Each structure stands twice: as structure tokens, then as C-alpha cells.
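Input: a single structure, listed below in C-alpha cells.
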Amino acid sequence: MTAPLPELEPFIDRLQAISDRYERVYDIDRSGDWHLLKMQEEMGELTQAYLAMTGRSRRDATAARQEVAMEMADLICMTLLMARAEGIDLNAAIAEKWLKWEDVMAAEATHA
């Protein structure tokens, strides 16, 4: 099977360069559990924006949809960076965890 996301590694390279700049400019130590903690922080920010977007907080809902999009982007990018830092092959993980179901669905379709 080919990689589900063939452009993933070059994309993570770009994210890594941006993250490296962040570390350099702000003198942030990104070792250890930093990526996981940042993902948790971004999830909290996504939750706040989502609550505002759905009218369930005191925050203004007007700009909340854009905030939700930005926080989703943060969470996805931090996940990709954590995978790189931990030596995890996300293409293999996606194929094993998600895309295996395509074979199951194909078999179901032939028996329907």
C-alpha cells in the first residue's frame, strides 16, 4: 500500500522549521513532554473557541468560527510535530488504524 499521505514528511519538515524558529526566537525548551503539553493547551483553546462558536460561553461568537479553525490547525500541527519528535510513522499508523476499514467495507459491499 502506498502512503496514505505521500506529502506528509515534506510538510512536517516545513512545520519543523517553523517550530525550530519558535524555539530559537522565544528560547523555549521543546524537549521531553513539551509537544504533548502543547497539544493539551491547544485542545483547551479549541474547546473555548468551540463553546463560543456554539453560543455556550460568554465569549463573542462572531469571530469564534475562525478561532476554531486556527486552533484546529494548531492541534493538527502539534500532533504532526509530536509524531516526528517521537519517531512515529503516521502514514503507517493511519493505514493500520483507519484505512484497514476500506478492505472491510469493500468486502461488505460485495456481500450486500
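Just so you know, these numbers come straight off a predicted model, no measurement behind them.
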### From CG (L99) to CE (M105), nearest 0.5 Å
9.5 Å

### Query
Less than 4.5 Å apart, any side-chain heavy atom of E67 and any of E45?
no

#### Entry: Rounded distance [0.5 Å steps], OG1 in T79 versus CD in E42
9.5 Å

### Message
Donor-acceptor pair, distance only, cut-off 3.5 Å: does the side chain of R84 make one with the backbone of E9?
### Response
yes

### Message
Using every non-hydrogen atom in the two residues, find where D29 and S31 come nearest and quote the distance to one decimal.
### Response
OD1-OG, 2.7 Å

### Task
Verify the neighbour count for atom CG of D13: are there more than 12 heavy atoms of other residues, nucleotides or ligands below 6.0 Å?
yes

#### Entry: Point-to-point distance, once rounded to the nearest 0.5 Å, from CD1 of I12 to CZ of R14
12.0 Å

### Message
With a 4.5 Å cut-off on side-chain heavy-atom distances among I, L, V, M, F, W and Y, is there a chain of contacts connecting M72 to L81?
### Response
yes

### Query
Going only through I, L, V, M, F, W and Y residues with side-chain contacts under 4.5 Å, is there a path from L51 to M70?
no

### Message
To check you understand the geometry: which heavy-atom pair defines the closest contact between L75 and M43, and what is its length?
### Response
CD2-SD, 3.5 Å

### S19 side chain vs L15 backbone, donor-acceptor pair below 3.5 Å
no

### Crowding at CZ, R30 (>12 non-hydrogen neighbours, <6.0 Å)
yes

## Note on the structure
By salt bridge (Lys or Arg N to Asp or Glu O under 4.0 Å), E71 pairs with (sequence neighbours left out) none

### Message
Less than 4.0 angstrom from a charged side-chain N to a carboxylate O is my criterion; do K38 and D74 meet it?
### Response
no

### Cluster check L8, I18: I/L/V/M/F/W/Y, side chain < 4.5 angstrom
no

### Message
When you compare the side chain of L5 with that of F11, does any pair of heavy atoms fall below 4.5 Å?
### Response
no

#### Entry: Inter-residue atom distance R24.CZ - R21.CZ, 0.5 Å rounding
7.5 Å

### Message
Same cluster or not: M82 versus I28, using hydrophobic residues (I, L, V, M, F, W, Y) connected whenever any side-chain heavy atoms lie under 4.5 Å apart?
### Response
yes

### Task
State the NZ-CG distance between K97 and L90, to the nearest 0.5 angstrom.
13.5 Å

### Query
If two hydrophobic side chains count as joined below 4.5 Å and joins carry through other members, does V25 share a cluster with M78?
yes

### Message
If I take atom CD from residue E96 and atom CG from residue D89, how far apart are they, to the nearest 0.5 angstrom?
### Response
10.5 Å

### Summary
Tightest non-hydrogen contact, residues A52 and A61, listed as O-CB, 3.2 Å

### Summary
For W101, the other hydrophobic cluster members (4.5 Å side-chain criterion, sorted by chain and number) are V104

